[in-house]
Asker: 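Once you've had a glance at the structure underneath, I'll fire off some questions.
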Amino acid sequence: MGSVHDKPLKVAMVSLGCPKNLVDSEKMLAALAAGGCLVAAPLDQADVIVVKTCGFLSSARDESLGVIAEALDHKRRGSARRVVVAGCLGNRDAEKLYDLSPDIDAIVGVNDRDTILSAVLGKGPVSRVRQHPPARTGGQAAKGRAPVIASDAGRFRLTPRHTAYLRIAEGCSQRCTFCTIPALRGPFRSKLPRSILAEARELLGDGARELNIIGQDITSYGRDLDGKANLSTLLGRLDTLDGARWLRLMYAYPKRFDPELIDTMAAASHVLHYVDLPLQHIANPVLRRMGRAVTRKETELLLRRLRAAMPDVTIRTTFIVGFPGEGRGEFGELLDFVRDFEFDALGVFEFSPEQGTPAASMGPAVTPRTKARRAEAIMLAQQEIAFAANRRRIGRVLEVLVDGLDSAGRCVGRHGGQAPDIDSVCYLTVPRPGGRFVRVKVIDWQDYDLIVQPLD
Ligand code: SF4
């Protein structure tokens with residue numbers, strides 16, 4: 001089926017954006033391979049190039065458009081026959097994309113991953129990108145709830161064998177005024193617990209030891225399942241699975257991080273004391289304008305509870321600076337908060353007005369220069385905190401999961417407080433095989449990273 005002149009079709013996929021997008025890419029690659037295509041071909045040797053786009057922020061959109069242009073260049077030069085655009089940008093700008101690049105052969109939206117083979121082959125129905133119905137919350141959600149999401153089992157894995165992303169939900173029903181995700185990926189939908197457990201068993205059976213639990217807002221897990229499950233009960237079941245060594249929580253929403261969940265994390269055997277908890281800001285007037293539905297007081301109470309229940313907990317967060325109306329005082333409050341609380345890892349974004357979001361029409365705008373200055377001030381404060389923490393780690397013994405050799409030939413691994421792709425790493429002085437858990441001693445540090453010596 002996936003062949004031309006009886007030769008298997010060679011398909012290259014460039015997967016951009018977040019781990020949720022990556023899981024979709026892995027599902028698509030599995031469907032293409034099952035359809036007889038040769039997947040993971042290099043760009044310059046591919047018959048078909050699939051660009052799995054991200055449309056979250058304007059910077060991500062620019063990156064996606066750049067890769068699409070590169071793919072179309074391969075087509076113009078005759079090395080590729082078809083270019084397929086998939087992912088969030090298709091949901092956001094489908095018509096514009098066709099106008100911009102009429103040579104695009106097909107666009108596959110975030111809801112249409114099952115049509116990828118038809119799109120690649122150029123046969124059969126290629127649906128117009130299906131837009132989502134508007135997000136629904138609370139009672140509305142219960143009454144007219146969106147269907148649960150499909151299983152991601154049977155993926156063609158793009159991550160190293162020992163680590164995998166386990167998506168437990170899709171979409172988001174929060175109301176953050178700056179965010180395009182509810183419009184792009186639809187209302188919040190949980191995956192059924194039995195489906196998640198089956199996927200987790202499959203991934204563990206396939207050699208994964210670390211499962212990174214993802215969604216847009218994992219702490220809302222189960223809210224659409226008639227109270228039959230929540231993140232805490234789900235974690236309790238995942239924690240009993242054979243082979244599960246590290247379970248990591250990513251993309252938590254502060255308002256829904258309840259004491260039950262904290263207790264479950266603290267008591268579990270394999271749930272890492274790690275949480276990725278984007279806070280976006282801390283000043284109440286800004287939090288209100290962002291539509292975050294959480295206050296400074298509630299945020300601080302949550303953070304205190306996390307550290308009280310798990311003194312070794314690693315907390316990663318993200319902030320936005322330069323949100324419309326962010327005054328000098330509000331920014332100062334955020335900077336002081338960063339200095340006082342000392343997060344383990346932190347990212348900062350300069351506000352960018354995204355078309356179609358309420359925040360895009362809010363004012364007064366903060367100038368680009370002020371935004372850049374504020375972002376730099378936050379990162380400099382965080383750098384001091386991170387470097388001091390690394391200094392304090394010298395001499396400590398840690399457990400590290402080895403990821404393998406990086407492009408410079410260095411052996412790289414991560415301790416439990418380091419998530420894949422977004423956090424700092426550990427460099428091993430003596431190489432160890434990828435996928436192995438190794439006891440190490442911290443002997444030095446280099447910027448945000450650690451230099452560690454294997455003890456076994
Ligand atoms: S919780 Fe996250 S994904 Fe959901 S609307 Fe807010 S920022 Fe967007």
Side-chain angles (χ1 to χ4, degrees), residues 10-29 32 39-113 115-116 119-120 122 126-132 158 178-186 216 318 320 322 347 349-357 359-360 368 371-372 375 421-422:
K10 287 178 282 181
V11 180
M13 180 181 283
V14 183
S15 186
L16 303 168
C18 66
K20 283 95 38 179
N21 231 16
L22 186 83
V23 171
D24 278 337
S25 300
E26 292 179 332
K27 270 302 274 187
M28 287 176 162
L29 287 170
L32 292 170
V39 294
L43 268 182
D44 58 0
Q45 292 169 31
D47 299 306
V48 182
I49 299 175
V50 179
V51 184
K52 188 75 169 52
T53 61
C54 174
F56 180 43
L57 292 173
S58 44
S59 53
R61 262 206 324 280
D62 294 344
E63 183 195 16
S64 297
L65 291 170
V67 177
I68 293 169
E70 192 190 338
L72 289 171
D73 213 33
H74 282 285
K75 185 178 173 189
R76 266 182 227 113
R77 281 190 272 119
S79 75
R81 296 164 212 263
R82 290 177 65 75
V83 171
V84 175
V85 173
C88 292
L89 197 56
N91 278 60
R92 194 163 178 175
D93 294 334
E95 297 316 319
K96 259 196 233 157
L97 272 176
Y98 278 125
D99 296 343
L100 204 68
S101 315
D103 293 337
I104 293 173
D105 294 282
I107 296 180
V108 175
V110 285
N111 277 327
D112 306 316
R113 68 180 189 195
T115 67
I116 188 66
V120 161
V126 176
S127 61
R128 305 297 300 166
V129 173
R130 272 181 296 143
Q131 295 303 336
H132 291 290
L158 293 171
F178 52 83
C179 185
T180 55
I181 291 189
L184 289 178
R185 302 196 76 115
Q216 307 296 350
T318 311
I320 294 176
F349 289 96
E350 295 176 26
F351 171 75
S352 84
E354 297 301 326
Q355 200 191 336
T357 64
K371 279 196 263 188
D421 304 322
I422 53 171

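Computed from a predicted model, the values in this text were never measured in an experiment. Side-chain atoms are counted along with the backbone in the values below, which use heavy atoms only and exclude waters and symmetry mates.
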Asker: Nearest 0.5 Å, what's the CZ-CG distance between Arg185 and Asn111?
Answerer: 8.5 Å

Asker: Compare every heavy atom of Val51 with every heavy atom of Val67, then report the nearest pair and how far apart it is.
Answerer: CG1-CG1, 3.7 Å

Asker: Between Arg82 and Asp47, does the side chain to side chain contact (heavy atoms under 4.5 Å, CB included) criterion hold? Intermediate values first, please.
Answerer: CA-CA 7 Å; Arg82 290 177 65 75; Asp47 299 306; over 6 Å; no

Asker: To the nearest 0.5 Å, how far apart are SG in Cys88 and CD1 in Ile181?
Answerer: 7.0 Å

Asker: About how many Å separate CG of Asn21 and CG of Leu16, when rounded to the nearest 0.5 Å?
Answerer: 8.0 Å

Asker: Are Ser64 and Thr53 linked by a side-chain donor-acceptor pair shorter than 3.5 Å?
Answerer: no

Asker: Checking side chain to side chain contact (heavy atoms under 4.5 Å, CB included) for the pair Val108/Val50: CA distance, chi angles, key distance, verdict?
Answerer: CA-CA 10 Å; Val108 175; Val50 179; over 6 Å; no

Asker: If you measure from CD on Glu26 to CG on Leu29, what distance do you get to the nearest 0.5 Å?
Answerer: 8.0 Å

Asker: Taking all non-hydrogen atoms of both residues, which atom of Val14 and which atom of Leu43 are closest, and how far apart?
Answerer: CG2-CD2, 4.1 Å

Asker: So, are Arg77 and Asp73 salt-bridged, with charged N and O less than 4.0 Å apart?
Answerer: yes

Asker: For the backbone of Met13 and the side chain of Lys52, can you confirm whether one donor and one acceptor N or O come within less than 3.5 Å of each other?
Answerer: no

Asker: Using modelled atom types only, decide if a donor and an acceptor are shared between the side chain of Arg92 and the backbone of Gly55 within a distance under 3.5 Å.
Answerer: yes

Asker: Start with the C-alpha gap between Val48 and Val84, add the side-chain angles, then the distance that decides, and say whether side chain to side chain contact (heavy atoms under 4.5 Å, CB included) holds.
Answerer: CA-CA 7 Å; Val48 182; Val84 175; 4.1 Å; yes

Asker: Taking all heavy atoms of Leu158 and all of Leu22, pick out the closest pair and write down the distance.
Answerer: CD1-CD1, 3.9 Å

Asker: Looking only at non-hydrogen atoms, find the nearest pair between Ala360 and Pro353 and report the distance.
Answerer: CA-CB, 4.0 Å

Asker: Drop me the distance from Arg61's CZ to Leu97's CG, to the nearest 0.5 angstrom.
Answerer: 10.0 Å

Asker: If you measure from CG on Asp105 to OH on Tyr98, what distance do you get to the nearest 0.5 Å?
Answerer: 8.5 Å

Asker: Considering all heavy atoms of both residues, which atom of Lys10 and which atom of Ala41 are nearest to each other, and what is their separation?
Answerer: CB-CB, 4.0 Å

Asker: Checking the side chain of Thr318 only, and the main-chain atoms of Gly347 only, is there a donor and an acceptor separated by less than 3.5 Å?
Answerer: no

Asker: Indicate whether any N or O donor in one side chain lies under 3.5 Å from an N or O acceptor in the other, for Glu354 and Ser352.
Answerer: yes

Asker: With a 4.5 Å limit on heavy-atom distance, are the side chains of Phe178 and Thr357 in contact?
Answerer: no

Asker: Would you find a donor on one side and an acceptor on the other, under 3.5 Å apart, between the side chain of Lys75 and the backbone of Val83?
Answerer: no

Asker: Indicate the atoms forming the closest heavy-atom contact of Ile49 with Ala46, along with that distance.
Answerer: CG1-CB, 4.1 Å

